Amino acid sequence: MKMFKSLRNALLVATLIGGVAPVSVVQAQEANPENFASVMIVDFAGIMREASAMQDARKQIRERQVAYQKEIESREQGLREEEKQLAQQRTLLAADVFQGKQKQFQQKVADFQKFAQARSRVLDQALAEAQSKFSQALNEIIGKVAEERGANLVLHRGQAVLFATSMDASKEVFDRVNAEVPTIAVEFKEGS
């Protein structure tokens, strides 16, 4: 019995101490408005995909891609014709002369492959630079909207599981970015 009494007293003391401690902690953490986050949510990926400037940039790149494809197909057709002629000359030419012509043809094929890869790199680089330019402009606009709303934390929509619709500034940012950045000049650096 004495053991139960001392255990009960120990629990009573622990409860009293436990009950007092949280009060002092709560009192020590008084509300400070600067510690609270004002959150703004933006569908960054959706805006990057749907904004008129990025759609225009993708259109410019597609047009250049079509032009490149026509050029590549034309060169490819020329190589096929040359390959046919070379095959026809196989029996007419001496072996060493034929091997020389075949080596020259293989060099042309290698040069063509480098050319096609360079065109692909030009397109990839143009898209990456256009996205980077647009992303910078978008981030500036997001910053302005956040400041206007008094938001001190901005999250991509994909980062938030649940949020109040009032936190979502996507439409406001989308409308503003379309007004301020309607197009982007895409640079195709073919010489590099």
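The basis for the numbers below is simple: all heavy atoms, side chains too, and nothing from hydrogens, waters or symmetry mates. Predicted, not measured: the structure shown is a model, and the values here were computed from it. Along the sequence shown, residues carry numbers from 1.
Note: the hydrophobic cluster containing Met167 also contains Leu153 (ILVMFWY, side chain heavy atoms under 4.5 Å, direct or indirect links). Clustering ILVMFWY residues whenever any of their side-chain heavy atoms sit less than 4.5 angstrom apart, transitively, puts Phe174 in the very cluster that holds Met48. Note on Ile72: it clusters hydrophobically with Val109, by side-chain heavy-atom contacts below 4.5 Å among ILVMFWY residues. Hydrophobic clustering keeps Val42 apart from Val39 (ILVMFWY residues linked when any side-chain heavy atoms are closer than 4.5 Å, directly or through intermediates). Cluster membership check: Phe44 shares its hydrophobic cluster with Val154, using side-chain heavy-atom separations under 4.5 Å among Ile, Leu, Val, Met, Phe, Trp and Tyr.
Here Glu76 contributes atom CD and Glu83 contributes atom CD; the two are 11.0 Å apart, rounded to the nearest 0.5 Å. Rounded to the nearest 0.5 angstrom, Arg121 CZ and Lys189 NZ are separated by 14.5 Å. The distance from the CD atom of Gln88 to the NZ atom of Lys84 is 8.5 Å, given to the nearest 0.5 Å. The structure places CZ of Arg49 at 6.5 Å from CG of Asp43, a figure rounded to the nearest 0.5 Å. Considering CE of Met54 and CD1 of Ile47, their distance stands at 12.5 Å, rounded to 0.5 Å. To the nearest 0.5 Å, atoms CG (Leu155) and CG (Asp168) are separated by 11.0 Å.
For the residue pair Gln125 / Glu129, a side-chain donor-acceptor distance below 3.5 Å is found, with atom types taken as modelled. Side-chain contact annotation: Gln77 with Arg80, donor-acceptor N/O pair under 3.5 Å present.
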Q. Do Glu50 and Gln55 pass the side-chain contact (heavy atoms from CB on, under 4.5 Å) test, and can you show the C-alpha distance, the side-chain angles, and the key distance before you say yes or no?
A. CA-CA 7 Å; Glu50 300 298 327; Gln55 289 190 4; 3.4 Å; yes
Q. Given the rule in the side-chain contact (heavy atoms from CB on, under 4.5 Å) test, do Asp111 and Gln107 qualify, once you have shown the distances and angles that lead to the verdict?
A. CA-CA 6 Å; Asp111 291 344; Gln107 184 58 48; 2.9 Å; yes
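Side-chain contact between Gln131 and Leu127: present, with at least one pair of heavy atoms (C-beta onward) separated by less than 4.5 Å. Taking the side chain as every heavy atom from C-beta outward, Thr91 and Phe98 never approach each other to under 4.5 Å. For the pair Gln65 and Arg119, the minimum side-chain heavy-atom distance is 4.5 Å or more. Contact of the Leu86 side chain with the Glu82 side chain is not registered, since no non-hydrogen atoms from C-beta on lie closer than 4.5 Å.
By the side chain to side chain donor-acceptor pair (under 3.5 Å) test, Arg176 is found to be paired with Glu148, residues two or more places apart in sequence or in another chain being considered. Under the side chain to side chain donor-acceptor pair (under 3.5 Å) criterion, Glu172 pairs with Arg149, not counting sequence neighbours. Judged as a side chain to side chain donor-acceptor pair (under 3.5 Å), and not counting sequence neighbours, the contacts of Asn178 are Ser52. Contacts of Glu147 classified as side chain to side chain donor-acceptor pair (under 3.5 Å), with partners at least two apart in sequence or in another chain: none. Residues forming a ring-ring contact (aromatic ring centres under 6.0 Å, His included) with Tyr68 (at least two apart in sequence, or on another chain): none.
Scanning both residues, Ala151 and Met40, for their nearest heavy atoms gives CB-CB, 3.7 Å. Nearest heavy atom pair, residue Asn152 against residue Ser38, reads OD1-N, 2.7 Å.
Checked options Arg58, Gln60, Lys59; the residue passing with Asp56 is Gln60 (criterion: side-chain hydrogen bond (donor to acceptor under 3.5 Å, both in side chains)).
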Got a list of side-chain donor-acceptor pairs under 3.5 Å for residues 133-145, not counting sequence neighbours?
{"from": "Lys133", "atom 1": "NZ", "to": "Ala185", "atom 2": "O", "distance (Å)": "3.2"}
{"from": "Lys133", "atom 1": "NZ", "to": "Glu187", "atom 2": "OE2", "distance (Å)": "3.3"}
{"from": "Asn139", "atom 1": "ND2", "to": "Ser135", "atom 2": "O", "distance (Å)": "3.3"}

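Seen from the ring of Phe112, Arg75 does not count as a face-on cation partner, given the 6.0 Å and 45° thresholds.
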